[in-house]
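Residue numbering restarts at 1 for every chain, and letters A, B, ... go by the order of the sequence lines. Below, each value reflects all heavy atoms present in this structure, side chains not excepted, and no hydrogens, waters or symmetry copies.
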Amino acid sequence: MTTLPKSLRFKMPAEATPLGFRPAPKALLLEIKRLRKHFAHGDAPAVERVSLDLGEGEMLALLGPSGCGKTTTLRMIGGFETPDEGTISLHGEDITSLPPEARGIGFVFQDYALFPHLSVLDNVKFGLRKLPRAKAVARAQEMLALVGLSGLDARKPHELSGGQQQRVALARTLAVAPPLVLMDEPFSNLDAAMRVETRQEVRKLLKAAGSAAILVTHDQEEAMAVADRIAVMESGRVVQIGTPDEIYRNPVSAFVASFLGRSNILTGTASGMQVQTEFGNLPLSRAANGAVSLSVRPEQIMLEPDPDGTASVVGREFRGHDQLFWVQEGERCMLVISGAGASIEVGSKVRLRICDCVVPLA
Amino acid sequence: MPRARVIFSALGLAIGGLMVLPLIWLVMRAFQADLATVIDMFTRPRTLQLLGNTFALVVCTLVLATAMALPLAWLVSRTDLKYRRVVNILAVIPLATPGYVMAYALIGLSGNFGFMNQVFGFTIPRLQGLWGATLALALYTFPYIYLNLRAAFSGLDQSLEEAARALGATPREVFFRVTLPHLMPALMAGWLVVGLYVIGDFGAVALMRYEVFSYAIYLQYSAMFDRVYAAWLALMLIAIALSVVWWESRLREGAHFARTGSGAGTGRRRLSLSLPGQFIGWGFVVVVVLASIGLPVAVLSFWMVRLDDLPTVLPALVRAFSQSLSVAVPSALMAAAMALPVAVLAVRYPSRLSTFINRLAFVGYAVPALAFALAFVFFSLNAARFLYQTQFLLVTVYALSFLALALGPIRSALYQARPSVEESARALGYGPFSVFAKVTLPTIRPGVVAGMVLVFVIAMKELPIAFLLAPTGFRPLSITMFSRTSEGMLMEAAPYAAAIMAFSALFVGFVLRHDKKAG
C-alpha cells in the first residue's frame, strides 16, 4: 500500500462536507441528454433516455444492480458504444460521434487492462506520446510516485499485486490529466480490506488531480463513500439522482430505498404531511395524499421490551457497534437496528415505535 | 459503423472472395460440356467405380485408424500402463510421415531388391490397390483420431460411469451405453479430419495405383487432357467433401454431452492392469509402433545405406530443399496476414457477416487440394493469364488452402487478449490501427507465430497443389520424391523422403509442445 503517514490514515478526507451541505454548483463539464441504447432487436433497451450532468472535478457514482445499464452508459460516454439516440457533450462541445481516442476522457477498467507486454513505466507512459521521451518518462515517474509505486518501473504487470495493478491503471489514466475519468467497478477485484483503503486513496488522487469522475458500481456502500452525487439506475433508467444523504433520506421508490441501505416498506393513507399507518399517525418527509407506500429505515424504529407487546423478535445479528433484529409483527417482518447496549433475546415480546418522519414512495 | 470495422470487413470479404471465386471458373469449365456428355460422364461405369473406390477407401481407413487409435487412447488415459507417457508421444510421431512417404515405405518393402528380400530373404509382391492405400493412409492419420479421443477420455466425467455402475450396469454395458456415446463427438471430429484427408489425398493413392477421384483428376488433367471431365470429377470430389462436412455437423447438432449439475467431477481413477494385462497392452503398442514408425524408418535407412554416392546427390537435394523453402516461407507469412483480419472480425466484431467470412475461410481446408488447385488453374488460364504458373499464384493458393490452420491459433490468442486492454489504449488517444499495431499484435504474437509455423511445415511437404500449379522448373522436395518413387527409383527417392520426414518431425514436435501446453 501507499506510504501515507500513519497520522493521516483515519482522518476525514479533507474535502468531506457536513451532512446536507450542498457545494456551490461548479462549471458544467459533461452534459448527457436523453441517451438511449438498444442492443438486440426485441430486447428491452439497455439504456433508456438517461440524462445526467457533471461539474468540473465532481465525482458521480452510477449505482444499480447488474444489467441496469450503468456500464453501457459509461461505455457510451467513453466512446466504446454508439448511442442510438441522445447527445453527450464535454465542455459544451458535442462529442457523441467522436471515437474514443479523440475524446480525451480517461477510462479505468474493471480488470485494469494493463498492457501485458509493457513494463509498468511504459504502461504509464503509453498515453504521453505527444511529449518528448525524457519528459514523458519524468511525468510517468511522477505519476508512479503519486500512487506510491516508485521503484517498480521495470516490473511487468503480472508481477504486481491486484492493488498495485489498480494503481498503475489509475496512474496511466491520470498521467494525461484528463478532465474526466470513467471507472467501471474499479474496486471489485480487490479484497474487502483493500477496497475500503483504496477507494479513499483514489478519491484523494482524483481530487488532487482536479479530474471529475464517474464511477460505476453495484455496491451502495462504495457509492456513498466515494461519490459527491449518486445516480441510481434501474432497468436502463436513472430513477433518482442526488447527494448520498439526500437519496438515503428521501428515496423516491421502494427500489431505491432497498438498494441504498436497508428499508422497511409500509403502506398507509396520507393526507398532507401526515400519514395513517398501523403504527399510528406519523409525520411525512414530504406532502402526499391517498394510499401510499412508505419507507422506514431500520434505525428509525425503536425496540422496547414489553411482555404484552404484539411483536416478537425472530432473529438477531450482533454486529459490534449495533445489532440487527428481525421482528415479526402480525404478518409482517420488520428490520430494526438498535444500539449494541440493548440485550433482547430471540423470542422475547417487544413493542415497535417509529420515531422519525417516514418517506412516501412513488 | 466504426472505420476499423469497415476496413476489416472489406479485407475479410476480399479474402473470402479470393477463396471462393476461382471455384466459379471450375464450374464454368465443367458446363462447357453439353447435357448428353454430362449425363454420360455421370453414368460412366468408371465414375461409379471411382465413387465406390473412394467410399471404400474412406471406410477402410477410418476403421483401421480407429482400431489403432481407440485402444491406444484408452490405454494411455484410462489404465496404469507402464511408461504411458512414452506411448503418448509414440502415438503422435507417425504424423511426421506424410501419406506418400508411408506409401514409399510400403512399396520399398517389396521386390527383388526390396527390404524384405534383402534383409529376410523372401520377396513379397508390390503392395497396391485398396489395401496398400488403406495401410499407407491409416498408419499416417490415426494420430488425429488418437488426439481427439484422448482429449475426450480426459474430459469425460468419471462419475457418470460410476453412476451407471451403481445403477446396475456391467462394465461392458457402461462402455457401450455411457462411455462410447460420450466419445462420439470426439470420434466424429477425428473422422472428419481423417475422412477429408483421405478424400483429398493424392500422393499415397497415386503411388498405390488405386483409382479414386483425386488420382483420376490427376490422370485426366495431366495425361489425357480431358479438362472438362477433370472439372466434373473435381466438382464431384468437392460435393463428396462438403457432404462429409455437412453430415458431421448434422450429427453433432442436438447432441448434448457436457455435464449438467454443479457437483465437482470426481478425479480420475485408472484401471489397474495385471502383469499379463501390461504385456498385452504393450504388445499392442509395439505392433502399432513397429508398423507406423519402425517401418518407414527401417525402409528409409535401408535405401539410404544403399545410396553410395551421397555427395553427388547433395547439391540436388539442397536445391529441392531451397525451392520448397522459397514457397513455404512466403505462404506462411501470407496465410498469417490473411488470418489476422478474419480473426479480428470473428473475435472483436461478431456479426452475421463475420460468421460468414469465417466460414469462407475454411473452404480452402474442406475442398480437396487437387480440386482447389484445379479451380485456380482454370481461373488463371482464363481470367488472369499473367498469374498462370507463377510462384506468386502457388504461394497464394497455399495461403488460402492453409488459412484455416493459421486462423486457429491466432483466433484463440485473440480470444484470450482482453478487449479492455485495447479500449484503454483508445482512451489514451490512439486510433484503432495504431492500437492494433502497438497493443493487439504484441499480445497475440505467440498465436501468430504458431499459425505461421503450422502453415510453413505443411507447405514444405505439400504435393498435389504443387503438382498442378508448379512454375516451370519448380521441383521441390515433395515433387522430386514422388516422381522418383512412381518411376520405381526408390533409392534415388530416399534422401528426399528422409528430408521430408525430418522436416515433418519438427511439425510433430510443435504439435506435441502445444498439446502439452493445452493439457
By a 4.5 Å heavy-atom criterion (distance strictly below it), what part of [X] contacts chain B: side chain, backbone, both, or neither?
X: A:Phe126; answer: both
X: A:Leu114; answer: backbone
X: A:Arg75; answer: side chain

Side chain to side chain, [X] and [Y], heavy atoms closer than 4.5 Å:
X: B:Glu423; Y: A:Pro100; value: no
X: A:Pro99; Y: B:Arg426; value: yes
X: B:Arg418; Y: A:Phe109; value: no
X: B:Lys438; Y: A:Phe115; value: no
X: A:Glu101; Y: B:Ser434; value: no

Any chance you could measure [X], atom [atom1], to [Y], atom [atom2], to the nearest 0.5 Å?
X: B:Ile444; Y: A:His117; atom1: CD1; atom2: NE2; value: 11.0 Å
X: B:Leu428; Y: A:Asn123; atom1: CG; atom2: CG; value: 9.0 Å
X: A:Tyr112; Y: B:Ser420; atom1: OH; atom2: OG; value: 11.5 Å

Does any backbone or side-chain atom of B:Ala425 lie under 4.5 Å from a heavy atom of chain A? Answer side chain, backbone, both or neither.
both
Per-residue contact mode, B:Pro432 against chain A (heavy atom under 4.5 angstrom):
both
Top contributor to chain B contacts, counting heavy-atom pairs under 4.5 Å, from A:Leu118, A:Val176, A:Asp111:
A:Asp111
